[in-house]
There are 2 protein chains.
Amino acid sequence: MKLSTKRVTIVDVASKSGVSKSTVSRVLRGDGDVSEDVRLKVTRAAKRMNYQPSVFARSLRSQRSQAIGLIIPDIANPFFPEVVRSIQNTADARGYTVLLANSDWHVERERKYLDFARRYHLDGIIINPVSISPAELKKSGCPVVVIGSRAAYGVFDTVASDTLGSITCAVDHLVARGHVDLALIAGPIGNPGATVRARAFRESIAAHGLAVDEARILWFDFTRVGGQAASRALAAAAPRPTAVVCGNDLIAIGLMAGLRDAGVDVPGDLSVIGIDDIDAAAMTFPPLTSVSKDKTLLGARAATLLIDRIEGKLPDAPARERLDTTLIERSSVAPPRANERRVIARP
Amino acid sequence: MKLSTKRVTIVDVASKSGVSKSTVSRVLRGDGDVSEDVRLKVTRAAKRMNYQPSVFARSLRSQRSQAIGLIIPDIANPFFPEVVRSIQNTADARGYTVLLANSDWHVERERKYLDFARRYHLDGIIINPVSISPAELKKSGCPVVVIGSRAAYGVFDTVASDTLGSITCAVDHLVARGHVDLALIAGPIGNPGATVRARAFRESIAAHGLAVDEARILWFDFTRVGGQAASRALAAAAPRPTAVVCGNDLIAIGLMAGLRDAGVDVPGDLSVIGIDDIDAAAMTFPPLTSVSKDKTLLGARAATLLIDRIEGKLPDAPARERLDTTLIERSSVAPPRANERRVIARP
DNA sequence: TGCTAGACTGGGAACGTTCCCAGGATCGTT
DNA sequence: AACGATCCTGGGAACGTTCCCAGTCTAGCA
């Protein structure tokens, strides 16, 4: 019975099994040549003594941490948990630890965590950038995988859920159902994600030969209260659009709640379509039609990409992955009422 | 322009500012005596050179990591993200890093992460235990804070959301509305959390002078599909209870969806009450009445407790915190129909 | 003038690994 | 019998901090 529970180190294992620490190290790392009986002796001793190598000593010497950083805007946003989980599982399977950080949508916090990455010798970073510049990201010095589709981050390996495609998909669906007067709730003004949504919306509308009216693009936060606020604008609009695509599901859900309070029927008076297909989308009433992103796949691909890059298994050119998107039809979309089927404007 | 971007170390800062590394260390840790001008020179140099101390060297030497582990069953469970976030913010503010791990409801993974904690010299652990034994937890060697209210973990500092109280609160509310035939969906059979729910349910029922019928306690998973499955059992029951309390909101939401499909009206035919008040509870139709736990507070308390314990600021006796619980009334509870107001059984 | 306390500072030994290099066996080849 | 080549092993120098201890310098005091 020991009084002070001293840490068991590699030299303890070494002396116990009658070899040098170098040899123990070799055995445990499964590296270099060791004779079979030595290998056995050492592994057995290590097991028996319940030896756990110190990651600090290891990382200090080898200058690698076997850890990656994951910087997302907000874990409480329902889009992320599943992505995080998938990244963790993937990284775990390949022997990497993941450190999670919330940037809370602030650049300063993104910067802070980038410094943090340096302090921790992080081997790589997965980030869903809010507004940190690619240049700053670049000088972190370690491999970076960006989640998102903004062109500015083209220097990095990228895995995107094809926001552009999602919007197009939503617009196509609505138009196919006979809608010609669509609105978009893009996101907060100035937000890059919101900007690409707006652009994609304009392009899709135009592609269908419809006129794009800037007043039909609304700027509200990517949150439930954003959607609620949007509902007031939409309920009051005259004429009112017959369908609205929302920048994400949270907006859509807030919007539907607001619309119900305002006495606007969904989908009778107004069709609503969301993006992300978060869990809650299936729980609303009416259940929300949404463009689904495969979050598990997204996470797995991001992690795989990063680790492959870290381990030098990738060609130099930045990888660019775009994940397919699928429409999940539920009940928040219907054809417009007959008297609202206006003629399609052909420019 | 340097070719190899070598790490800037404490000796670089030292030579640049013309003092020894010991002094730099002292300045940077804000520890010990240093003259004002030296302090200034050093901090300036460090800033200018963008020096980031290596956590590995630091931890290796000091045998402390300034990091804590957080082990939860599943980040994708909507109860946790907010808790995690709050823990992170609190820890961050006190200079600690948090490492997140999903146990995926498996003991083996809990064990694995406990080993991990040893390897990382983690200063402490916050865990919402699935089924790891208190003894195993104890021998992790570092301070542990348990989230949850199971008596078995009484040796540790504990912060609980008062599951017992939540159930009581739910039952009281239902009884106050005139219900006398209640059911409970407790959780998966054998799950400790489910067991305490069942116990709390029996006690509350008895406290109201009602008879407790074991057949009214249903065992289904803490998930939406668990609730869905329960809906089949409940829809078929004859006589059907007039109200059901669900072990968590996920169950309640799945239940309501199943009930709608089965043509059972909520709350007309059956009142439903959930526990946790997750975000999605406000998004369902009808919006779910739920017993709310303050997740942000829960996280903050857990983190504060752990860090205080680590820093020796707590008395020896294990702290036991119980967070209040508040009823959030929405629209999934109504009085039972007149013909179902049976007489209260007085034993 | 000498002596001591106190305020600062520097030097080196840890911390527990990995990495590099040298050296001892063993074996096959000429 | 001599010589590499191959296989295996051990010793010690890193890695970048913190911690301990021994100094130096100044000021205050007798």
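Each chain gets a letter, A, B and so on, in the order its sequence line appears, and its residues count up from 1. Because the structure is predicted, anything quoted here is derived from the model rather than measured.
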| remark: Scoring nucleotides 7-14 of chain C by protein non-hydrogen atoms under 4.0 Å (B base, S sugar-phosphate only, - none) yields -SBBBBBB
Would you say [X] reaches [N]'s phosphate, i.e. side-chain N/O to OP1/OP2 under 4.0 Å?
| X | N | answer |
| --- | --- | --- |
| A:R64 | D:dC15 | no |
| B:Q63 | C:dG16 | yes |
| B:Y51 | D:dT17 | yes |
| A:S62 | C:dT18 | no |

Could you list the donor-acceptor pairs under 3.5 angstrom formed by side chains in residues 10-23 of chain A, with sequence neighbours left out?
residue, atom, partner, partner atom, Å
A:D12, OD2, A:T9, N, 2.8
A:S15, OG, A:V11, O, 3.4
A:S15, OG, A:D12, O, 3.1
A:S17, OG, A:V13, O, 2.6
A:S20, OG, A:S22, N, 3.4
A:S20, OG, A:T23, N, 3.3
A:S20, OG, A:T23, OG1, 3.2

| request: Check salt bridge (charged side-chain N to carboxylate O under 4.0 Å, His left out) between B:R309 and all other residues, then give those that pass, not counting sequence neighbours. | output: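 Once residues adjacent in sequence are excluded, the partners of B:R309 under the salt bridge (charged side-chain N to carboxylate O under 4.0 Å, His left out) criterion are B:D157.
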Is there any protein nitrogen or oxygen under 3.5 Å from a nitrogen or oxygen in nucleotides 23-26 of chain C, and what are the pairs?
none

Under 3.5 Å, which donor-acceptor pairs do the side chains of residues 34-41 of chain A form with other protein atoms, sequence neighbours left out?
residue, atom, partner, partner atom, Å
A:S35, OG, A:D37, OD1, 2.8

| Considering only side-chain heavy atoms of B:R7, which listed nucleotide, C:dC15, D:dT18, D:dG16, is closest? |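 Looking only at heavy atoms from C-beta outward on B:R7, the closest nucleotide is D:dG16.
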| said: Can you pull out every ring pair (Phe, Tyr, Trp, His ring centres under 6.0 Å) where at least one residue sits in residues 51-71 of chain B? Sequence neighbours excluded, please. | reply: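 Residue pairs passing ring pair (Phe, Tyr, Trp, His ring centres under 6.0 Å), neighbours aside: A:F56-B:F56, A:H121-B:F56.
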| said: I need the full list of ring pair (Phe, Tyr, Trp, His ring centres under 6.0 Å) pairs touching residues 79-102 of chain A, with sequence neighbours left out, sorted by first then second residue. | reply: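 Those involving residues 79-102 of chain A do not exist here.
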| task | Give every residue pair that meets the salt bridge (Lys or Arg N to Asp or Glu O under 4.0 Å) criterion with at least one member in residues 86-104 of chain B, sequence neighbours excluded. | result |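 Salt bridge (Lys or Arg N to Asp or Glu O under 4.0 Å) check on residues 86-104 of chain B returns A:R85-B:D104, A:K112-B:D92, B:R94-B:D308, B:R94-B:E311, B:D104-B:R109.
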| Pairs where residues 293-307 of chain B contributes a residue and the test salt bridge (Lys or Arg N to Asp or Glu O under 4.0 Å) is met, not counting sequence neighbours |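 Listed once each, the pairs are B:D276-B:K293, B:R301-B:E321.
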| field | With B:F116 via ring-ring contact (aromatic ring centres under 6.0 Å, His included) - residues at least two apart | value |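 Once residues adjacent in sequence are excluded, the partners of B:F116 under the ring-ring contact (aromatic ring centres under 6.0 Å, His included) criterion are B:Y120.
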| said: For residues 125-138 of chain A, which residue pairs pass the side chain to side chain donor-acceptor pair (under 3.5 Å) check, not counting sequence neighbours? | reply: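 Sorted result for residues 125-138 of chain A: A:R111-A:E136, A:S133-A:E136.
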| field | Helix axis bend for the helix from C:dT1-D:dA30 to C:dT30-D:dA1 - C1'-based end axes, five pairs, 10° rounding | value |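 Nearest ten degrees gives 60° for this helix.
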